[in-house]
Protein chains: 2
Amino acid sequence: MLTQLALHDNGVPIYVQLRDQITALIGRGVLKPGMRIPTMREVAVELRIDLNTVQRAYAELERAGFLTLLRGRGTYVAQPPPIRARKPDAAVLAAKVAALAKAEGIAPDDLIAALKALKRA
Amino acid sequence: MLTQLALHDNGVPIYVQLRDQITALIGRGVLKPGMRIPTMREVAVELRIDLNTVQRAYAELERAGFLTLLRGRGTYVAQPPPIRARKPDAAVLAAKVAALAKAEGIAPDDLIAALKALKRA
DNA sequence: TCCATTGTATGATAACTATCATACAATGGC
DNA sequence: GCCATTGTATGATAGTTATCATACAATGGA
């Protein structure tokens, strides 16, 4: 995983870059549920950043339900909850996602296409 | 242009969001060379942020060659804006979004369906 | 039982970010 | 020339971010 992480000097806080890049890796299926990911210290040393910075990213990812932190054992990609075909929930998420896409200047159709492409990968 | 800007509370500094969203608008051709864009004060009032914050974004965009600032007259999209105008990457957003859906237990197909429904609304 | 590993926590410090207030400086229209 | 508009600049303040140093706490294997 470490080789896929790249921090840039573009004004975005390090912990945000780390958090979002790990989220993206999970979304792409590079990191799968149950997988163990590098320890906070490994990430800190490899990326030459502070342990506290990594902890912040990991902690946010745990709160968001992406990771499971086990003291003394390591960090794992969270087991996703059972998929329910609840359309209302999907609608709420879709609204949020549409706002994100708009902010980044991505057309809804392009996002839909990219999501479909992800499924095939 | 103002209606196309949306700031989020996601840890990314406001001036970075503003800067990147404007470069995306230029990259997409929504803002064309020679066009006048809103004054710093207009942006500050509309987005309810500080004038200094807008100034920072505009100043960085000028240094990067995207904008031309003319005192007393306003701000214009630079005559040939850099070729390196940032093009939004739908795949990156899709990866993040897929992870969000996974964490909430929403099937990708349901999210796609909900996004399509939004378009019709 | 030890002990290395790994996550968790605290406190200090410097740098950065956002806001507020205020003012200056150039431009162009009248 | 006057003056509204708009970009430019400064200084203060509060909150955030990154780093450093250090320590504690739970886990599992030897």
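So you know, we letter chains A, B, ... as the sequences are listed, proteins then strands, and number each from 1.
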request  = Mind calculating the distance between CZ (A/R41) and P (D/dA21) to the nearest angstrom?
outcome  = 15 Å
ask   = Which whole-number value in Å describes the distance from B/L70 CG to C/dA26 P?
value = 14 Å
message = At a heavy-atom distance below 4.0 Å, what parts of residues 71-79 of chain B sit against DNA chain C?
response = B/R71, B/G72, B/R73
request  = Give a yes/no on whether any side-chain N or O of A/T53 is located under 4.0 angstrom from OP1 or OP2 of D/dT19.
outcome  = yes
B/T68, B/L61, B/L69 screened by side chain to side chain contact (heavy atoms under 4.5 Å, CB included) with B/T75, the one that passes = B/L69
task = Go ahead and name the base partner of D/dA23; Watson-Crick or wobble counts if both distances stay under 3.5 Å, otherwise write none.
result = C/dT8
inquiry  = Rounded at 0.5 Å granularity, tell me how far CD in A/E42 sits from CG in A/L47.
reply    = 11.0 Å
message = Just the rounded figure in Å: distance from P of C/dT19 to CD of B/Q55.
response = 14 Å
message = Please report the interatomic distance CG(B/L93) to CG(A/L115), rounded to the nearest 0.5 Å.
response = 8.5 Å
task = Test A/I37 against every option in A/V43, A/L2, A/L67 by the side chain to side chain contact (heavy atoms under 4.5 Å, CB included) rule and name the one that passes.
result = A/L67
task = Measure from the side-chain N and O atoms of A/R36 to the backbone N and O of A/R73, and report whether any donor-acceptor pair falls under 3.5 Å.
result = yes
message = What is the distance, to the nearest angstrom, from the CG atom on B/L61 to the P atom on D/dG7?
response = 13 Å
remark   = Of A/A59 and A/G11, the one whose closest nucleotide on DNA chain C sits nearer the 5' end is A/A59
request  = Whole angstrom is fine here: how far is it from CG in A/D50 over to P in C/dT13?
outcome  = 16 Å
Under 3.5 Å donor-acceptor, B/Q17 side chain and B/H8 backbone = yes
message = Can you measure A/N10 atom CG to C/dC16 atom C1' for me and round it to whole angstrom units?
response = 14 Å
request  = Would you mind reading off the distance between B/L69 atom CG and D/dT8 atom C1', rounded to a whole angstrom?
outcome  = 10 Å
ask   = Is B/Y58 touching bases, backbone alone, or none of the nucleic acid, heavy atoms closer than 4.0 Å?
value = nothing
Separation of atom CE in B/M40 from atom P in C/dT19, rounded to whole Å = 15 Å
Of the listed nucleotides D/dT8, D/dA23, C/dT10, the one nearest the side chain of B/L51 = D/dT8
request  = Please state whether the phosphate of C/dT17, meaning OP1 or OP2, lies under 4.0 angstrom from any side-chain nitrogen or oxygen of B/Y15.
outcome  = yes
request  = Taking B/K116 for its side chain and B/A113 for its backbone only, find out whether a donor-acceptor pair lies under 3.5 Å.
outcome  = no
message = Strictly below 4.0 Å: does B/R36 bring a side-chain N or O up to OP1 or OP2 of D/dT6?
response = yes
